[in-house]
Amino acid sequence: MLRTLESLGSLAGKRVIVRCDLNVPLSHGQITDDGRVRASVATLNALIHQGARIVIVSHLGRPEGAPDSQYSLAPVAQRLSELLGKPVTFARDTVGSAAEEAVNGLADGDVAVLENLRFNPGETSKDAAEREAFAAKLAAFGDVYVSDGFGVVHRKQASVYELAQALPSAAGLLIASELDVLERLTESPEKPYTVVLGGSKVSDKLGVIGHLLPRVNSLLIGGGMLFTFLAAQGHKVGSSLLESDQLDTVRGYLAKAEELGVAIVLPSDVVVASKFGADAEHVVRAADAIEDTDWGASGLVLVIGTATTENFASIIGSSRTVFWNGPMGVFELAPFAEGTRVIAQALTEVDGLGVVGGGDSAAAVRALGFSDDQFGHISTGGGASLEFLEGKHLPGLEVLGWQQ
Ligand code: ADP
Ligand code: MG
């Protein structure tokens, strides 16, 4: 059983370390999508209401174990202060004297945010002893620990795993609500069940396909995932995103899908661009004729084509359960956003449960003008939700008492 906030007893006057996932997209120091910050607010308000002294820790981006100002959590602390409607102290380091001062300065109901966890090598170290040592420094700032960064529960990292063992610990409200929805997707989902995969973290996501195949009726492949499939079928993909070391894996999936009677649906047409950029020239081509343009092998696909988009939308429309992770194209560039927009629209119309998972996928649907409540659920975690659906062990949940 997942330990919930109540299991920690009264938190009035206690120092509570909350692990949030405040890893938001930034552009020139501005937050371009604050979805993860907003998702953190429920737990924080509950703790403020109880009169806890709140110490928030999070990562942002992938700094390499040392301070790097472009990944500072300062703008996030500012946004959080606006959303909570109260001052938030920001500490310029994570476990140093600034953090110590911030924590010591907290009165009941006050909130502090410590600087990016990943400015410290111990956070993501492969060496358990190094992670434990870093977790021990963090633990000194709290009486109890609340884990609420759903986007990182699949990671065995100091602030997610070791810290949960160093203090009395429980899950926050965000993790509890994410799990409610994901359990509906794994425990007898209504059929037809369709999973839509796209995005750019290709090698991360290819692994999930093997586990998902036996559970779903259709698997739709778009975004940067696509090219490894097309290449596995012997097609040329120009300069598109390709993981050439994964071709055999993908061939294995195609064979397994056929054996199981599951449809892996690949695009029939794609939008080929002259270069990566909003001002690129572009044309629609059959998926097996990507190099058949004036740009030859230098052309690259930036989104699925219109016929494919319609076909995907219709498969989604006739499904009762849909999980979508990964944009269908480079939605950040306006001329290539349409495929992702139409798929998002189809998801809002699902007669059943339609779930969007993934940081960029969630940012995409908001950037394209959809609101959160149009979807069955928008998960704050891409990798975490996929690993959950695969039935993998998630260290950050197991350490909170949860068993699949
Ligand atoms: P999520 O965060 O939702 O799990 P990813 O991080 O895997 O998604 O991928 C998101 C990124 O994938 C977006 O920035 C988008 O521009 C990119 N992407 C989608 N399609 C393509 C493509 N055809 N070529 C290059 N990048 C792509
Ligand atoms: Mg992403």
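Nothing here was measured: the structure is a model prediction, and the numbers come from that model. Atoms within each ligand, like the ligands themselves, are counted from 1 in listed order.
Every heavy atom of Phe336 sits 4.0 Å or more from the atoms of ligand 1.
Distance from atom 6 (O) of ligand 1 to its nearest protein heavy atom, with residue and atom name: Asp360 OD2, 2.9 Å. With hydrogens left out, the protein atom closest to atom 16 (O) of ligand 1 is Glu332 OE1, 2.6 Å, a heavy atom. Atom 7 (O) of ligand 1 has its closest protein heavy atom at Lys205 NZ, 2.6 Å. The single protein non-hydrogen atom nearest to atom 3 (O) of ligand 1 is Ser361 OG, 2.5 Å, given as residue, atom name and distance. Closest to atom 17 (C) of ligand 1, if we only count protein heavy atoms, is Ser200 CB, 3.9 Å. Scanning the protein for heavy atoms near atom 19 (C) of ligand 1, the closest one is Gly329 O, 3.2 Å.
Only the backbone of Val301 comes within 4.0 Å of ligand 1, judged by heavy-atom distances.
Panel note: side chain Asp21, backbone Phe150; no donor-acceptor pair is recorded below 3.5 Å. When atom types are taken as modelled, the side chain of Gln374 and the backbone of Ser371 share a donor-acceptor pair closer than 3.5 angstrom. Looking only at distances, a side-chain donor or acceptor of Arg3 sits under 3.5 Å from a matching main-chain atom of Ser169. The closest donor-acceptor contact from the side chain of Arg118 to the backbone of Glu123 lies at 3.5 Å or more, if one exists at all. A distance-only check finds no donor-acceptor pair linking the side chain of Asn116 to the backbone of Leu73 [under 3.5 Å]. Here the side chain of Thr32 pairs a donor or acceptor atom with the backbone of Pro25 at under 3.5 angstrom.
Around atom 27 (C) of ligand 1, the closest heavy atom drawn from Val330, Val271, Val237 belongs to Val330.
In this structure, the ring of Trp402 has its center less than 6.0 angstrom from the ring center of Phe388.
The distance from the CG atom of Asp148 to the CG atom of Leu22 is 10.0 Å, given to the nearest 0.5 Å.
Looking at Asp360, its N, O or S atom nearest to the Mg ion (ligand 2) turns out to be OD2.
Using a 4.0 Å cut-off to heavy atoms of Pro327, the atoms of ligand 1 that qualify are 8 (O), 10 (C), 19 (C). Per-residue contacts place Phe227 under 4.0 angstrom from the following atoms of ligand 1 (heavy atoms of the residue considered): 23 (N).
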